[in-house]
Amino acid sequence: MNQNVKEYVTEKVNELINAPTCNAKTREAAESWLAAAGTEKETEETKKFLSELEEDIMPIDNLIAFASSEAGAKVFGEEKAKDVAAHAKEIKAAGAKYCDCPACAAVEAILDKKDEIL
């Protein structure tokens, strides 16, 4: 990976780690990737990290379904769940494929560079 891509991805990984919507498993994978950068384990950790990101990013249709469900109302609260669902429908109509929370936005940015990272 060239230096510009590495710097960009490192910036997005740090955004991901600091995102309030980042789950513990994804944060741990991000921290492991950072720790492995520049070492003999970098390639192995990069593959594991990208796999984790692909599993964790929230497709927009899944977000809409979750926010519109009883489980979503329990997590977000009834009114906030309606707001999240409406927002998700709005960004989907504008072409979004994934949730746009801080964690998912960072993950999407990293995955957009996947071919350059590997």
Side-chain angles (χ1 to χ4, degrees):
M1 139 176 41
N2 77 40
Q3 190 60 32
N4 288 338
V5 172
K6 191 170 205 162
E7 288 173 10
Y8 175 82
V9 171
T10 299
E11 177 184 326
K12 294 301 175 184
V13 169
N14 283 308
E15 286 177 19
L16 174 61
I17 289 169
N18 293 310
T21 52
C22 183
N23 71 52
K25 189 176 177 187
T26 304
R27 185 173 285 113
E28 183 179 314
E31 289 169 345
S32 292
W33 182 82
L34 285 175
T39 73
E40 69 280 351
K41 291 188 174 191
E42 182 174 354
T43 300
E44 175 187 340
E45 286 298 322
T46 298
K47 289 176 183 175
K48 289 195 301 192
F49 181 50
L50 291 173
S51 178
E52 181 66 32
L53 296 182
E54 288 171 337
E55 288 177 24
D56 289 349
I57 194 166
M58 175 72 74
I60 196 67
D61 288 332
N62 293 11
L63 177 60
I64 292 167
F66 179 71
S68 301
S69 72
E70 285 184 36
K74 288 179 183 175
V75 169
F76 295 120
E78 216 169 296
E79 287 305 310
K80 182 67 175 173
K82 289 177 187 175
D83 292 344
V84 170
H87 172 72
K89 289 174 185 175
E90 181 180 305
I91 66 171
K92 179 182 178 180
K97 294 179 182 179
Y98 300 103
C99 170
D100 66 345
C101 76
C104 286
V107 169
E108 184 175 15
I110 295 165
L111 290 176
D112 281 348
K113 298 287 186 185
K114 181 179 178 179
D115 291 339
E116 297 172 68
I117 294 169
L118 292 173

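- In plain terms, the two heavy atoms of Ala103 and Leu16 that are nearest each other are O-CD1, 3.7 Å.
- Linking ILVMFWY side-chain heavy atoms closer than 4.5 Å, directly or via other members, places Val107 and Met58 in two distinct hydrophobic clusters.
- Of the inter-residue distances, the one linking Leu34 atom CG with Phe49 atom CZ reads 7.5 Å to the nearest 0.5 angstrom.
- Atom CG of Asn14 sits about 9.5 Å away from atom CD of Glu31, to the nearest 0.5 Å.
- When all heavy atoms of Cys99 and Cys101 are compared, the pair lying nearest together is SG-N, 3.3 Å.
- Side chain of Ser51 to main chain of Lys47: no donor-acceptor pair is present (N/O by atom type, distance under 3.5 Å, no hydrogens or angles).
- Counting only heavy atoms from C-beta outward, the side chains of Ile57 and Leu53 never approach each other to under 4.5 Å.
- Within the 4.5 Å cutoff, no side-chain heavy atoms of Ile91 are placed close to those of Tyr98.
- The list of side-chain hydrogen bond (donor to acceptor under 3.5 Å, both in side chains) pairs with a residue in residues 62-85, not counting sequence neighbours, is empty.
- Here Glu55 contributes atom CD and Leu50 contributes atom CG; the two are 11.5 Å apart, rounded to the nearest 0.5 Å.
- In this structure, CG on Asp115 lies 10.0 Å from CG on Asp112, to the nearest 0.5 angstrom.
- Taking all atoms of both residues into account, the shortest heavy-atom contact from Ile17 to Arg27 is O-NE, 2.8 Å.
- Remark: Phe66 pairs with Phe76 by the ring pair (Phe, Tyr, Trp, His ring centres under 6.0 Å) rule, at least two apart or across chains.
- The CD atom of Glu116 lies 10.0 Å from the OH atom of Tyr8; values are rounded to the nearest 0.5 Å.
- Hydrophobic clustering, with ILVMFWY side chains joined whenever heavy atoms are under 4.5 angstrom apart, keeps Leu63 apart from Leu111.
- Contact of the Val9 side chain with the Ile117 side chain is registered, since non-hydrogen atoms from C-beta on lie closer than 4.5 Å.
- Lys113 is not listed as a side-chain neighbour of Met1, based on a closest heavy-atom distance of 4.5 Å or more.
- Here the shortest heavy-atom pairing between Ile64 and Ala88 reads CG1-CB, 3.5 Å.
- In this structure, CG in Asn4 is found 12.5 Å from NZ in Lys6, a value given to the nearest 0.5 Å.
- Taking the side chain as every heavy atom from C-beta outward, Ile60 and Asp100 never approach each other to under 4.5 Å.
- Closest approach of Ala19 and Pro102 over heavy atoms only: CB-CB, 3.8 Å.
- When all heavy atoms of Glu42 and Ala36 are compared, the pair lying nearest together is CB-O, 3.4 Å.
- A salt bridge does not link Glu28 to Lys25: none of the charged nitrogens lies less than 4.0 Å from a carboxylate oxygen.
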